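Bear in mind that the values here come from a model prediction, so they are computed numbers and not experimental data. What's counted below: heavy atoms across the whole structure, side chains too, no hydrogens, waters or symmetry copies.
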Amino acid sequence: MNIMRKKILVAIATLISLTSWAVTTVESQPGKLESLLTDHSITSLKVTGTIDARDFKFIADNLLALSEIDLSEVTIAAYCNEETATFGADNNFAAASIPCTSFFGKSITSVVLPASVKSIGYAAFAGCDQLTTIAFPASLDSISGYAFSATGFTTLALPATVTKIGEGAFSRCEKLTSATIEAGHIGAKAFFADAALTDVKFGSGVTAIGNGAFAGCKSLATLRWSDATQLALIGNEAFIATQMSDAALAKFQKLSTLGAWAYAGTPVEEVTLPESVKEVGDGTFFYATHVTNLV
């Protein structure tokens, strides 16, 4: 009798374990996700249908054990409540946008973004240090400030559709070793203090590198550029305190500005500037004591 009872208990425990790891799938309408999910202990969730900022708020506040979420078949509707803020002080949310701080600090390991998403809000995934990779859909246009700051990313590949990378968007990602950026404006401090970053590839559509964009990336020594580069601006302190070994920029025929302290304190040996350069800021190569060739 005791043996049989033990087997039943083991079977129940196994069933509970399997259930807790099963993917919960729900089809929702805007603002209705809370009514469809009564089990707040789920760890894996797939949502289809249409949701809005209220549903993201429900996930943020209640699904504390969530580690995986698949939003690939979701449409995000606009939402506005002028009387009550939803996230922080925000009460107006655009369609096709992941709301600000919606996954901030969560122990999430896997995210599949909506196929139609256009923007990712401020600090939406900041502090998700167990999130190691994410696929960005071709619909994505902009990534807001600090959206993925301090995540666990090891590699990063952005589609050419991304035209704006906000301030600090990928800053302090301590495990990030490589990044491919095809286009757009790279915001201030976008990759600030990414200590393991060694390999960065720029596509021809990159037009500006903002102030301090790669400052403090102490392992970054070389960059890979497209031969058809459209780069026009390197901002203040863009590469300060890195291991950049060259500033061979002669092929950058649209480059007009090198910001103040852009290469200060780096081991740059070669500096070649195109005729298009109109401004070189204060201290651009300050204490770059290795320079042996300047054109």
Side-chain angles (χ1 to χ4, degrees), residues 26-37 40 45-64 66 69-108 111-128 131 134-151 158-172 183-190 192 207-208 210-211 213:
V26 293
E27 182 175 358
S28 186
Q29 296 177 348
K32 300 298 183 183
L33 191 59
E34 181 174 7
S35 64
L36 298 171
L37 285 174
H40 294 178
L45 174 65
K46 179 174 182 178
V47 185
T48 62
T50 304
I51 61 177
D52 63 24
R54 291 170 292 178
D55 303 300
F56 282 100
K57 180 65 171 173
F58 164 72
I59 293 171
D61 291 348
N62 297 278
L63 305 187
L64 304 182
L66 194 66
I69 186 165
D70 183 348
L71 302 173
S72 58
E73 298 177 33
V74 158
T75 298
I76 302 174
Y79 175 72
C80 180
N81 185 338
E82 295 184 358
E83 296 181 359
T84 306
T86 305
F87 284 99
D90 290 346
N91 56 13
N92 193 358
F93 301 88
S97 178
I98 303 292
C100 60
T101 69
S102 50
F103 292 92
F104 180 88
K106 278 197 167 293
S107 299
I108 200 157
V111 176
V112 184
L113 294 173
S116 59
V117 72
K118 292 183 179 179
S119 63
I120 298 174
Y122 181 88
F125 295 93
C128 294
L131 183 61
I134 195 168
F136 296 99
S139 58
L140 188 63
D141 174 71
S142 65
I143 299 173
S144 298
Y146 300 93
F148 294 96
S149 178
T151 57
L158 296 177
T161 54
V162 175
T163 59
K164 181 181 178 182
I165 301 172
E167 178 177 348
F170 299 96
S171 60
R172 299 191 184 279
H185 182 283
I186 301 172
K189 299 182 180 179
F192 176 76
T207 58
N211 296 341

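A distance of 7.5 Å separates CG in L140 from OG in S119, rounded to the nearest 0.5 Å.
Aromatic rings from F148 and F136 are positioned such that their centres are separated by under 6.0 Å.
With N91 contributing its side chain and T86 its backbone, the two residues share no donor-acceptor pair below 3.5 Å. A donor-acceptor contact shorter than 3.5 Å links the side chain of S139 to the backbone of A115.
Looking at every heavy atom in both residues, F87 comes nearest to A60 through CE2-CB, 4.2 Å. Between G105 and C128, the closest heavy-atom pair is N-SG, 4.1 Å. Across every non-hydrogen atom of V74 and I51, the tightest pair is CG1-CG1, 3.6 Å.
With sequence neighbours excluded, the residues forming a salt bridge (charged side-chain N to carboxylate O under 4.0 Å, His left out) with D52 are R54, listed by chain and number. Under the rule for a ring pair (Phe, Tyr, Trp, His ring centres under 6.0 Å), the partners of F58 that lie at least two apart in sequence or sit in another chain are H40.
Between the side chains of S171 and S149, at least one donor-acceptor pair of N or O atoms lies under 3.5 Å. T163 and D141 share a side-chain donor-acceptor pair at under 3.5 Å.
Under the 30°/60° scheme for interplanar angles, the aromatic rings of F93 and Y79 are found to lie parallel.
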